[in-house]
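Please read all numbers here as calculations on a predicted model, not as lab measurements. When reading the values below, keep in mind they use all heavy atoms of this one structure, side chains included, and skip hydrogens, waters and symmetry mates.
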Amino acid sequence: MAFRSHTRRDALQILAGGAIAACAPPGARAQAVEISRRGGRIRVAGFSGSSADTLDPARGALSTDYIRGAMFYDALTELDEALQVQPSLAIAIESDDAIRWTIRLRKGVRFHDGSPLTADDVVFSLLRHLDPRVGSQQKAIARQFGSIRARAADEVELTLVAANVDLPALLSLAPFYIIKNATTDFSRANGTGPFLCQEFSPGIRSVAVRNPDYWRDGQPHLDEIEFFTIADDMARHDALMSGDVDLIGGVNPRLAPLLRQRGLQIMEAPGGAYTDFIMRLDQAPGNNPDFVRGMKYLFNREQMKSAIFRGYAQVGNDQPIAPGFPYFDASLPQTVQDLDRARYHFRRSGLTGSRVPMVCSPAAEGSVEMAILLQHDARPLGIDLAIQQVPADGYWSNYWMQAPISFGNLNPRPRAEMAFSLSYASDAPWNESRWRNPEFDRLLRAARGERNESLRAEMFAQMQVLVHDGSGVCIPLFLSDIDAFSPRLRGMRPRKTGEFMGFEFARHVWLAS
């Protein structure tokens, strides 16, 4: 699956090695450890959630949806801590040309209602992303699916409209979790995952209980997880300090020292999530190239890193591939604050002396503080960045990508192709600044099918340059995910793919006896 060489034989060899690592039965000592870990109940508080929470993997959009998905469902593949593809419900994904793929399924897997996993379930789960009535969050990627059919009870043929060597990695995304054929009711989850859905109340809470028939040996460790949202920062941290919850996400960097003083554990995962500044290029003032350039020179990235995020971040460079991720281009010159250049471009834009509204919200992490710093630095240059702070509730539907200037907050994408397809291609669903570049689109199509790794890396590097120079998005920082938890909770490990161990903590954690 992780194509170092793109032959059928290599694909089989790589996947077989991954299957051994992921699914081989543990030795006697390991079995004893697993038995001692089993049992217990924890309460977990996330920071985002609403009445729009869903158990439909295709429609999931927030971290809370992904966390529930990892409890109740499985994907065909998964990414390990090194972002390498490993098997899950699929034991092999093979292709000679990266267009026509054969997916062979694991035998003996059952849904929570007792029915066996078959090829029909996979065909249904993938094809529904192409149905506009479903409202799939991954329709931009699913458009690459040409045809999908069952060739046997445990074998699926997936033909793409064009070659994509990253297909096995794409199939690890949470929206591509596998559901039972013909499922229409998502009031409860009927997946193959490590937990059964005992309760799901959108915007309130979910209760997951151990799946006694889970196909993966040694998982899960816990008997029960209660998961809910506490949107208020202080209230969420207080709940952990008081012992009302065992694990929280979205830790405020300012409060991390206080949590440590109380004997709680802090886990930082440097990753690829970011809060970005969005200037729509299809309306004023973003349709003025000099204004956009001036704003990018205005950002004091180092100050934002230290003052807002207390060092829990990496400096960004206005393109979405983070340091440490595949295909990151370290040779791209770093944009730094240059107030003289910013003043020059603002004067050329003709907007000096203008009032420019800027919408921010606590919903986009750190955006309110970023807005304050930008306003302070822009004022002496003759630009009045007028802060319009709006509540978190309704921000993503009413302001994000709607206002001429706003802030976004995006989860990490483990592959460059995903980041570019979802947010920067001309037809991307989350093309925040409405940027369109035919050369970028051409390179993206070419990179999907390119088997030569050095050529592929060169294409992704060129795309980073185009986004950096031309889009209306400024990415000043890549944010670390910070989780905090009780010392009795064990097994937490940082992952680049997001908070809560890439949303999959439920599969791995246990309580100390």
Side-chain angles (χ1 to χ4, degrees), residues 274-311 313-323 328-360 364-389 403-408 424 432-435 437 440 461-479:
Y274 57 83
T275 294
D276 56 344
F277 181 80
I278 305 162
M279 298 165 280
R280 285 188 53 166
L281 303 181
D282 60 346
Q283 54 186 268
N287 59 2
N288 188 315
D290 276 296
F291 174 79
V292 173
R293 288 194 190 94
M295 286 304 304
K296 291 184 178 182
Y297 282 123
L298 187 66
F299 275 78
N300 189 329
R301 298 158 201 259
E302 290 290 351
Q303 181 188 35
M304 290 178 174
K305 175 182 175 179
S306 59
I308 302 175
F309 297 101
R310 297 298 194 268
Q314 302 177 85
V315 169
N317 199 19
D318 304 339
Q319 58 80 26
I321 313 305
F328 169 71
D329 180 15
S331 69
L332 182 63
Q334 175 65 55
T335 300
V336 298
Q337 186 182 54
D338 189 326
L339 297 181
D340 289 336
R341 287 189 178 184
R343 180 184 289 107
Y344 168 79
H345 286 293
F346 286 149
R347 285 176 177 170
R348 279 178 55 95
S349 74
L351 292 172
T352 301
S354 299
R355 181 180 184 274
V356 179
M358 173 176 53
V359 181
C360 59
E365 184 180 1
S367 67
V368 176
E369 295 86 350
M370 285 185 186
I372 293 170
L373 292 177
L374 289 171
Q375 182 187 62
H376 175 271
D377 288 344
R379 190 169 287 139
L381 307 184
I383 298 291
D384 177 18
L385 293 176
I387 296 175
Q388 296 183 357
Q389 182 175 338
I405 295 181
S406 65
F407 288 84
Y424 292 93
E432 295 173 303
S433 70
R434 309 305 199 273
W435 178 65
N437 185 296
F440 177 91
Q462 292 177 47
M463 284 184 268
Q464 289 170 66
V465 172
L466 291 172
V467 170
H468 173 276
D469 292 346
S471 85
V473 168
C474 181
I475 302 174
L477 300 168
F478 291 99
L479 312 181

Show the numbers, then the answer: is there a side chain to side chain contact (heavy atoms under 4.5 Å, CB included) between Met279 and Ser433?
CA-CA 6 Å; Met279 298 165 280; Ser433 70; 5.8 Å; no

Yes or no on side chain to side chain contact (heavy atoms under 4.5 Å, CB included) for Gln319 and Phe328, after CA distance, side-chain angles and deciding distance?
CA-CA 10 Å; Gln319 58 80 26; Phe328 169 71; 3.8 Å; yes

Closest non-hydrogen atom pair between [X] and [Y], with its separation:
X: Pro476; Y: Asp318; answer: N-OD1, 4.4 Å
X: Lys305; Y: Ala313; answer: CE-O, 3.1 Å
X: Val356; Y: Phe291; answer: CG1-CZ, 4.0 Å
X: Pro404; Y: Pro285; answer: CB-CD, 4.4 Å
X: Ala378; Y: Leu385; answer: CB-CD1, 3.7 Å
X: Ser471; Y: Lys296; answer: O-NZ, 2.8 Å

Between [atom1] of [X] and [atom2] of [Y], what distance do you get to the nearest 0.5 Å?
X: Met304; Y: Thr275; atom1: CE; atom2: OG1; value: 10.5 Å
X: Cys474; Y: His468; atom1: SG; atom2: NE2; value: 8.5 Å
X: Asn287; Y: Arg280; atom1: CG; atom2: CZ; value: 11.0 Å
X: Gln283; Y: Arg434; atom1: CD; atom2: CZ; value: 8.0 Å
X: Leu281; Y: Ile278; atom1: CG; atom2: CD1; value: 11.0 Å
X: Leu374; Y: Ile383; atom1: CG; atom2: CD1; value: 12.0 Å

In the structure I gave you, are the side-chain heavy atoms of [X] and [Y] within less than 4.5 Å of one another anywhere?
X: Val473; Y: Trp435; answer: no
X: Asp276; Y: Pro320; answer: no
X: Met358; Y: Phe277; answer: yes
X: His345; Y: Asp338; answer: no
X: Leu351; Y: Phe346; answer: no
X: Met463; Y: Ile321; answer: no
X: Gln388; Y: Ser406; answer: no
X: Leu298; Y: Leu339; answer: yes

Could you list the residues that satisfy salt bridge (Lys or Arg N to Asp or Glu O under 4.0 Å) with Arg348, not counting sequence neighbours?
Asp290

I'd like to know if the side chain of [X] reaches the main chain of [Y], judged simply by a donor and an acceptor atom lying under 3.5 Å from each other, with no hydrogens or angles considered.
X: Arg301; Y: Gly316; value: yes
X: Asn317; Y: Thr335; value: yes
X: Gln314; Y: Phe478; value: no
X: Gln464; Y: Asp329; value: yes

State, without any angle test, whether Gln337 and Asp377 hold a side-chain donor-acceptor pair at a distance under 3.5 Å.
yes

Answer yes or no: does atom CZ of Arg310 have more than 12 heavy-atom neighbours from other residues, nucleotides or ligands under 6.0 Å?
yes

Partner residues of Asn437 under the side-chain hydrogen bond (donor to acceptor under 3.5 Å, both in side chains) criterion, sequence neighbours left out:
none

Under 3.5 Å, which donor-acceptor pairs link side chains of residues 364-373 to any protein atom two or more places apart or in another chain?
unit_1: Ser367; atom_1: OG; unit_2: Ser361; atom_2: N; d: 3.3
unit_1: Ser367; atom_1: OG; unit_2: Ser361; atom_2: O; d: 2.7
unit_1: Ser367; atom_1: OG; unit_2: Ala364; atom_2: O; d: 2.8

Apply side chain to side chain contact (heavy atoms under 4.5 Å, CB included) to residues Tyr297 and Leu381 and explain how you reach the verdict.
CA-CA 12 Å; Tyr297 282 123; Leu381 307 184; over 6 Å; no

